[in-house]
Amino acid sequence: RNLYDATTGFMRPRKNGNWLSPFYASEINNHFTEGNSWQYSFYVPHDVEGLIRLHGSKENFEKKLDELFTTSEKTRGRDQADVTGLMGQYAHGNEPSHHMAYLYNYIGKPQKTIERVHKICHEFYKNAPDGLIGNEDCGQMSAWYVFSSMGFYPVCPGSKEYAFGAPLFKKIKIHFESGDTLAIQ
C-alpha cells in the first residue's frame, strides 16, 4: 500500500520519502529485482483482494491487468536477461509474473485466465533442449507448466489454495506417496 501510486496506477519506488522521479513503469533499474514496475505492480500474491481494492474496483483492476498483457510499451533501462517471454509487459521468463494470468479469477473472469494460460503454454514452451523461455530457477518454469497444464496453480506459494484454469489434457492422474490417486477429467 505504501508503494502504490494511485496517480500512475503502479507500484512506484520512493526516494527520500518522495516518489522517484522521473518514473517509467517499463524501466528496468535497481529499484526492482529482475523486473520493472509493470511486473511488480501485480506481485501481491498474498493479498490479491487488497491489490484489487487499491485499483478502486474489479473493473479498473481488469483494465490494468489487460493492459499488462497487451501494452505495446517496450522495456527500457538496463538489460536484464531474466525479463524474457514478454506478452505485453507480462514477463513469463521470470518468476514474479507467474501467477498473474490467474488473477482474472479473483475478479470473476476465469475465461481470461484460461485464455492467457493456454496461450503461454502453447507459445512459450516447446519440446526442445531450449524449450523454456527464461531462467529455470530451481525448476519453477517447469513447475508452472506442470501445474498449469493440469488446470490449477498456487497463486500464493505456501497457501493451501489453488486458482483454477483448464487442463490441457482430457484426463490426468496424480499418484501420491500415500497411495491415493487424484483423477482430473
Side-chain angles (χ1 to χ4, degrees), residues 26 28 32-48 51 61-62 64-72 74-75 79-185:
S26 63
I28 298 171
F32 299 96
T33 302
E34 298 178 357
N36 62 30
S37 185
W38 271 106
Q39 287 105 44
Y40 278 90
S41 290
F42 294 94
Y43 191 58
V44 188
H46 58 284
D47 188 13
V48 176
L51 181 61
F61 185 74
E62 179 182 7
K64 194 67 169 185
L65 194 53
D66 285 343
E67 190 180 3
L68 168 72
F69 285 98
T70 62
T71 185
S72 60
K74 303 294 180 204
T75 58
D79 185 40
Q80 179 63 52
D82 291 342
V83 180
T84 60
L86 289 170
M87 183 184 299
Q89 281 289 318
Y90 169 84
H92 190 72
N94 204 22
E95 294 80 1
S97 293
H98 281 181
H99 70 290
M100 293 174 191
Y102 288 92
L103 294 179
Y104 287 106
N105 288 347
Y106 294 82
I107 55 172
K109 302 288 180 157
Q111 69 279 11
K112 285 188 172 183
T113 286
I114 293 167
E115 175 187 319
R116 300 273 190 229
V117 168
H118 282 193
K119 183 176 175 118
I120 294 164
C121 284
H122 293 296
E123 292 182 11
F124 292 165
Y125 290 84
K126 58 186 175 182
N127 187 13
D130 65 344
L132 299 176
I133 287 180
N135 185 358
E136 179 67 315
D137 286 341
C138 300
Q140 173 55 27
M141 296 296 294
S142 298
W144 185 93
Y145 183 81
V146 170
F147 273 120
S148 295
S149 67
M150 291 190 298
F152 57 93
Y153 188 75
V155 167
C156 184
S159 168
K160 295 180 181 179
E161 295 179 15
Y162 290 83
F164 287 106
L168 295 178
F169 306 101
K170 290 182 181 178
K171 186 174 183 177
I172 298 165
K173 272 190 173 181
I174 303 170
H175 301 279
F176 298 100
E177 283 184 18
S178 65
D180 294 333
T181 300
L182 172 66
I184 301 170
Q185 309 188 57

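Keep in mind it's a predicted model, so treat the numbers as computed, not measured.
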Do [X] and [Y] have side chains that approach each other closer than 4.5 Å (heavy atoms only, starting at C-beta)?
X	Y	answer
His122	Leu168	yes
His46	Val44	yes
Thr33	Tyr40	yes
His99	Leu103	yes
Trp144	Tyr125	yes
Glu136	Ser142	yes

Between Gln89 and Ser26, does any side-chain donor sit less than 3.5 Å from a side-chain acceptor?
no

Exactly one candidate in Met100, Met141, Glu123, Met87 meets side-chain contact (heavy atoms from CB on, under 4.5 Å) with His92; the answer is Met141

Return each pair, listed once, that meets ring-ring contact (aromatic ring centres under 6.0 Å, His included) where at least one residue sits in residues 100-120; pairs must be two or more places apart or across chains.
Tyr102-Tyr153

If I take atom [atom1] from residue [X] and atom [atom2] from residue [Y], how far apart are they, to the nearest 0.5 angstrom?
X	Y	atom1	atom2	result
Glu161	Phe152	CD	CZ	14.5 Å
Ile184	Lys171	CD1	NZ	11.5 Å
Asp180	Ile174	CG	CD1	12.0 Å

Please check if the number of heavy atoms outside Asp130 that lie under 6.0 Å from its CG is greater than 12.
yes

Got a sec: does the OH of Tyr43 have more than 12 other heavy atoms crowding it under 6.0 Å?
no

Set out, in order, the CA-CA distance, both residues' side-chain angles and the distance that settles side chain to side chain contact (heavy atoms under 4.5 Å, CB included) for Leu132 and Gln140, then state yes or no.
CA-CA 11 Å; Leu132 299 176; Gln140 173 55 27; over 6 Å; no

Evaluate the criterion side chain to side chain contact (heavy atoms under 4.5 Å, CB included) for residue pair Thr75 and Asn36; output intermediate values, then yes/no.
CA-CA 8 Å; Thr75 58; Asn36 62 30; 3.8 Å; yes

